[in-house]
Structures are given as structure tokens and as C-alpha cells.
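Reviewing the structure listed below.
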Amino acid sequence: MTYEETKKALNSLRQKKRLLKKQEEQIRQARSQIDCLKATDYSKIAVQGGNKEFIAEVFVEHMERMQKSFEETFNEVVKIEDYIAEHLGELTETEQTIIIDRYMLGKSWKKIQMEFSEENPYSERRLYDFHKSGIKKITKRLQ
């Protein structure tokens with residue numbers, strides 16, 4: 001795996017975490033609407049056209065699809081995070097902190113820089129250098 005491929009995989013982790021939050025919110029909203037469903041039995045009423053499936057069945061199928069998608073994304077995130085965790089020992093403390101903050105905790109560069117400026121007098125460029133060297137070390141381990 002090259003440096004760019006490793007960086008792309010790490011960035012996909014951030015995107016998947018955002019997706020997980022969105023999926024979790026969608027599931028929460030859908031569950032909150034479950035109380036408004038009424039199980040009306042239309043089998044005894046003659047109806048022209050329409051859908052013979054009960055809305056509750058459609059809703060349950062929708063919830064199952066959403067839950068399955070959430071679980072798949074969650075498993076992908078765990079797999080990537082486990083891989084990162086395996087290789088953190090090879091990084092310096094500063095590199096570890098930056099990689100964890102950026103990819104596992106999803107912090108923005110601005111927030112990382114603010115936190116580091118409180119503790120260490122590193123320049124913005126130096127933090128990017130630590131980030132790059134951390135990714136390179138992880139990449140070397142893959143080869």
C-alpha cells in the first residue's frame with residue numbers, strides 16, 4: 001500500500017464515521033415515528049388499486065435495511081480502527097495523538113492545532129509533518 005492509498009483509507013474512515021452518525025440519527029428518527037403507525041386491516045374493505053402491503057410491514061423492512069447498512073458501515077469502521085490501533089506503537093507520541101485525533105476522533109485540523117498550541121509550541125507546518133510521518137510509518141508496515 002502506498003502513502004496515498006493509506007491516506008485515502010484513513011480519510012474514508014472519517015467519512016464512514018460521519019455516515020454512521022447520519023445513519024444512527026435516521027434510525028432514531030424512524031423509531032420515534034413508530035408510535036404514529038396504526039395497524040389498519042384493509043383485507044375486509046374493498047379498495048381499488050393501492051398497495052396490499054401493510055404500512056407496518058413496509059416500515060419494518062425499511063428499518064431492517066437501515067439497521068443492516070448501519071451494521072456494515074460500523075464493521076468497516078471497526079476494522080480500520082483496529083488496524084490503526086495495531087500500528088500506533090510504531091509512532092511517536094505526537095504522531096499517535098495526531099492520527100488518533102484526526103481519524104479516530106474526527107477532529108478538524110483547526111481543533112488539533114488549538115489543542116497542540118496549548119501544550120506544545122509546534123507550528124502548523126510541523127503538525128502536518130508529524131501527520132505525514134505517522135502515515136508513512138503505517139504505510140511502511142503494510143509493505
Side-chain angles (χ1 to χ4, degrees), residues 1-119 122 124-143:
M1 192 179 266
T2 66
Y3 170 83
E4 288 301 320
E5 291 170 334
T6 304
K7 191 172 178 181
K8 185 177 179 181
L10 291 171
N11 283 325
S12 77
L13 173 64
R14 296 185 72 218
Q15 293 169 350
K16 288 180 190 306
K17 284 191 160 213
R18 284 189 216 117
L19 177 61
L20 272 179
K21 286 181 183 179
K22 287 178 186 175
Q23 289 174 331
E24 195 171 37
E25 178 61 22
Q26 288 173 341
I27 290 170
R28 188 190 62 72
Q29 287 176 354
R31 284 187 178 150
S32 71
Q33 295 173 1
I34 203 165
D35 292 337
C36 69
L37 291 178
K38 294 182 181 177
T40 307
D41 184 6
Y42 291 105
S43 62
K44 297 175 184 163
I45 303 170
V47 179
Q48 290 289 330
N51 190 349
K52 292 187 177 187
E53 280 190 276
F54 294 116
I55 189 71
E57 291 174 6
V58 173
F59 184 77
V60 168
E61 289 172 1
H62 174 68
M63 288 297 296
E64 287 173 351
R65 283 191 306 273
M66 287 174 49
Q67 189 66 37
K68 183 180 178 187
S69 176
F70 176 83
E71 289 170 3
E72 289 171 355
T73 306
F74 180 79
N75 289 334
E76 291 172 13
V77 166
V78 168
K79 184 178 174 182
I80 296 169
E81 285 186 340
D82 285 348
Y83 177 81
I84 292 170
E86 285 177 26
H87 296 88
L88 281 177
E90 302 162 14
L91 309 179
T92 67
E93 187 177 329
T94 305
E95 291 167 342
Q96 285 179 13
T97 303
I98 291 172
I99 296 294
I100 289 170
D101 284 352
R102 183 77 177 145
Y103 299 107
M104 296 176 108
L105 300 178
K107 293 182 182 177
S108 67
W109 274 113
K110 193 144 195 97
K111 185 164 185 157
I112 292 171
Q113 291 164 354
M114 287 181 359
E115 290 174 359
F116 266 92
S117 67
E118 294 171 1
E119 301 171 15
Y122 295 127
E124 182 178 332
R125 180 71 234 151
R126 187 70 181 124
L127 292 177
Y128 287 120
D129 291 341
F130 282 126
H131 172 257
K132 187 175 182 177
S133 67
I135 293 176
K136 282 184 178 180
K137 287 178 184 177
I138 291 173
T139 301
K140 277 185 186 176
R141 190 69 176 145
L142 288 171
Q143 293 174 344

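The figures that follow rest on heavy atoms only: side chains count, while hydrogens, waters and symmetry mates do not. All residue numbers in this chain count up from 1 along the given sequence.
- Rounding to the nearest 0.5 angstrom, the gap separating the NZ atom in K137 from the NE2 atom in H87 is 13.5 Å.
- Summarising the geometry, atom CD1 belonging to I135 is positioned 7.0 Å from atom CD1 belonging to I138; distances are rounded to the nearest 0.5 Å.
- Between atom CD1 of residue I99 and atom CG of residue L88 there is a gap of 8.0 Å, rounded to the nearest 0.5 Å.
- Using a 4.5 Å cut-off on side-chain heavy atoms (C-beta onward), W109 and H131 make contact.
- We find that E5 and K8 are not joined by a salt bridge, their nearest charged nitrogen and carboxylate oxygen being 4.0 Å or further apart.
- In terms of heavy-atom proximity, I80 sits nearest to S12 at CD1-OG, 4.0 Å.
- Contact of the I112 side chain with the T97 side chain is not registered, since no non-hydrogen atoms from C-beta on lie closer than 4.5 Å.
- Listed for the Q113 side chain is no donor-acceptor partner under 3.5 Å among the backbone atoms of E124.
- Panel note: side chain S69, backbone R65; no donor-acceptor pair is recorded below 3.5 Å.
- When every heavy atom of K107 is checked against every heavy atom of E115, the shortest pair comes out as NZ-OE1, 2.9 Å.
- The CD atom of Q29 sits 11.5 Å away from atom CD of E24, with the distance rounded to the nearest 0.5 Å.
- In this structure, Q96 and G89 approach most closely via the heavy-atom pair NE2-CA, 4.0 Å.
- To the nearest 0.5 Å, atom CZ of residue R102 and atom CG of residue L13 are 11.0 Å apart.
- In this structure, R31 and M63 have side chains that are in contact, with non-hydrogen atoms separated by less than 4.5 Å.
- Ring-plane geometry between F70 and F74 is classed as parallel, the angle between the planes falling under 30 degrees on a 0 to 90 degree scale with a further cut at 60.
- Under a 3.5 Å cut-off, the side chain of K17 and the backbone N or O of M104 do form a donor-acceptor pair.
- In E93, the CD atom is not crowded: 12 or fewer heavy atoms of neighbouring residues, nucleotides or ligands sit closer than 6.0 Å.
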Subject >> Worked verdict on L19 versus Q15 for side chain to side chain contact (heavy atoms under 4.5 Å, CB included) >> reply: CA-CA 6 Å; L19 177 61; Q15 293 169 350; over 6 Å; no
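- Annotation: side chain of D129 is in contact with side chain of R126 (closest heavy-atom distance under 4.5 Å).
- Nearest approach of T2 to T139, heavy atoms of both residues: C-CG2, 3.4 Å.
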**OP:** Begin from the C-alpha positions of K68 and E71 and carry the test salt bridge (Lys or Arg N to Asp or Glu O under 4.0 Å) through to its verdict.
**Re:** CA-CA 5 Å; K68 183 180 178 187; E71 289 170 3; over 6 Å; no
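- Residues G106 and R14 share a closest heavy-atom pair of O-NH2, 3.7 Å.
- Rounded to the nearest 0.5 Å, atoms OG1 (T94) and CZ (F130) are 4.5 Å apart.
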**OP:** Apply side chain to side chain contact (heavy atoms under 4.5 Å, CB included) to L10 and I84, showing your working.
**Re:** CA-CA 9 Å; L10 291 171; I84 292 170; 3.2 Å; yes
